[in-house]
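A short write-up of the structure that comes next.
Sequence lines set the chain letters: A, B, ... in the order given, protein chains first and strands last, and positions in each chain run from 1. Just so you know, these numbers use all the heavy atoms, side chains as well, and skip hydrogens, waters and symmetry mates.
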Amino acid sequence: MKAAKGFVFKYGDNVDTDVIIPARYLNSSDPAELAAHCMEDIDKEFINKVHEGDIIVATKNFGCGSSREHAPIAIKAAGVSCVIAETFARIFYRNAINIGLPIVECPEAAKAIEAGDEVEVNFDTGVITDLTKNTTYQGQAFPAFMQKIIAAEGLVNYINQK
Amino acid sequence: MGMTMTQKILAAHAGLDKVEAGQLIEADLDLVLGNDITSPVAIKEMEKMNTEGVFDKDKIALVPDHFVPNKDIKSAQHCKCVREFARKNEITNYFEVGQMGIEHALLPEKGLTVAGDVIIGADSHTCTYGALGAFSTGVGSTDMAAGMATGKAWFKVPAAIKFNLVGKPDKWVSGKDVILHIIGMIGVDGALYKSMEFTGSGIANLTMDDRFTIANMAIEAGGKNGIFPVDELAIAYMKEHSTREYKIYEADEDAVYDEEYTIDLSTLRPTVAFPHLPENTKTIDEIKEDIHINQVVIGSCTNGRLDDLRIAAKVLAGRHVAEGMRCIVIPATQAIYLQAMEEGLLKTFIEAGAIVSTPTCGPCLGGYMGILAEGERCVSTTNRNFVGRMGHVDSEIYLASPAVAAASAVTGKISCPCQLD
């Protein structure tokens, strides 16, 4: 799986799916339309500043709240290549894997990496490198079962291959 | 090493004698649920699968409830997509406007959820059915699609936290206060990835509607599910509402719990969660300042059931909402609406200056039917008070029970019914 490399947008604890994509936009399920409002209620500038490949880093319980798959869809469609957090809320965790948005749990990296840092994530080894600070962290590798889903680029392909 | 109640249900549905926390399993599903926001995405995903329709037309429930009656053209398109899918696949349990209700109040009422079931729903509050002794959990649209196609879902078997409830709650203390107290105690990620297993003699003092409210908000502590033992009250509820066979699972005596808490219900007080997290709780006695509000919402999958409306009506009877107050009451299903009408509750609400809406999730998630403007505050019986959840990013939501919400509507500031006389 191709490594992720980009600049970091940093957020705190409990980033909920209502701020990732407010429900007032859930009358659409078009990825591009959802991406246009991604993070709007927590960071109005996010969508203007984000570039293809950039990385979101947050602390505890990222993606808590609603089960809306529109949240990881919006993040992925905004160009984000990976989300690193101390912990993820469980429905968001499943959804990200199921739609093929790479996520990594790594408390040390999530705490130390700062906004604007350039970061690389190697998904084969789980190693996260902060190129700006010249530091590395070992992220948690996915269980073999989930690696199969990710390798198939999502649950739909995985089921089709079975 | 024994199994928890949740682990036993999962083991049985995976065809295994034994499972343990952390194990990845594939389980058979008794019901797959979706609403008008999540189903269109699931339907799109299912179309990409090499599958011939749904696994069982009787084991899927489609409930348009979030933005219905359609709030705008885009919502109408989504509902049309769900309706056409239901028709094409001959889905037995599709609920059109007129039959629909808020999904998590509707499905138990229609007898579609019983003890021992494994249920997934593309809605985070699917955990509600744990009140009946089922394993039920929220998932996303792709999981829903896979569930509709195959009748199976993968799970990581959860570890558990045990909540031993004892004692009897005081007047004006309800299931909402119990769960807000717990979330305040363990935090919004206090039960992350885990099952919240309720047990103890105090459960006998909680109505079914109390238990639905408690299980409903397990997700607000990060829980995978919340689950109650099946007692006579739960059996009576299932017998009244369902023709399906239920199966009772009980935790082993030597089941393993990561943490255990004992909560004396008699010591709890009406509890309010302040902006912008459900864990920011204060008891009514700890609120010293006057917190003036503009709106009250009484409804949702958390607190739109008959008990909730009865309590609100009891508080509002013979009183009037404060000047300038917008008080919005939303019965969760048509049956609740009808019963509330027959009991005269709707008359009480209207005479008190409240409005009564058709069932909808509407304001809870900032959809419609009560959106807040900049700087406005709402006391709401719903489940989330995140930034911008009910409208403007600079509005505020205070989560509370129907009793506190109704009393606050009367005084115009956060209040307990005990403060009205």
Next on the checklist: Could you go through A/Asp16 and B/His276, starting from their C-alpha distance and side-chain angles, then the distance that decides it, and tell me whether this counts as side-chain contact (heavy atoms from CB on, under 4.5 Å)?
Outcome noted: CA-CA 11 Å; A/Asp16 61 76; B/His276 291 285; over 6 Å; no
Checklist entry - Does the side-chain contact (heavy atoms from CB on, under 4.5 Å) test come out yes or no for B/Trp154 and A/Leu155, once each step is laid out? => result CA-CA 11 Å; B/Trp154 65 269; A/Leu155 187 65; 4.2 Å; yes
Next on the checklist: As a quick check of understanding, evaluate side-chain contact (heavy atoms from CB on, under 4.5 Å) for A/Arg94 and B/Phe155, giving each step before the final call.
Outcome noted: CA-CA 10 Å; A/Arg94 280 184 88 98; B/Phe155 298 105; 3.9 Å; yes
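Heavy atoms of B/Ala145 lying under 4.5 Å from chain A are absent altogether. Looking at B/Leu365, both its backbone and its side chain come within 4.5 Å of chain A, counting heavy atoms on both sides. Only the side chain of B/Val41 comes within less than 4.5 Å of a heavy atom in chain A; its backbone stays farther off. Heavy atoms closer than 4.5 Å to chain A are found in the side chain of B/Ile219, but not in its backbone. A/Ile159 touches chain B through its side chain: at least one heavy atom from C-beta onward sits under 4.5 Å away, while N, CA, C and O do not. For chain A, the nearby parts of B/Asp143 are the backbone and the side chain; heavy atoms of each come within less than 4.5 Å. In this structure, the portions of A/Asp41 lying under 4.5 Å from any heavy atom of chain B include both its backbone and its side chain.
In this structure, A/Ser66 and B/Ser124 approach most closely via the heavy-atom pair CA-OG, 3.7 Å.
By the 4.0 Å N-to-carboxylate-O rule, B/Arg384 lies too far from A/Asp18 to be salt-bridged with it.
Counting only distance, with no hydrogens or angles, the side chain of A/Asn160 and the backbone of B/Asn50 share a donor-acceptor pair below 3.5 Å. Side-chain N or O atoms of B/Tyr193 include none that pairs as donor or acceptor with a backbone N or O of A/Ala89 at under 3.5 Å.
Side-chain contact check for B/Leu192 versus A/Thr87: some heavy-atom pair is nearer than 4.5 Å. Between A/Ile42 and B/Val387, every side-chain heavy-atom pair lies at or beyond the 4.5 Å cut-off.
Looking only at atom types and distance, the side chain of A/Asn14 has no donor-acceptor partner in the side chain of B/Asp189 under 3.5 Å away. In this structure, a donor-acceptor pair under 3.5 Å is absent between the side chains of A/Glu69 and B/Thr38.
Chosen from A/Arg68, A/Glu40, A/Lys60, the residue pairing most often with chain B at heavy-atom distances under 4.5 Å is A/Lys60.
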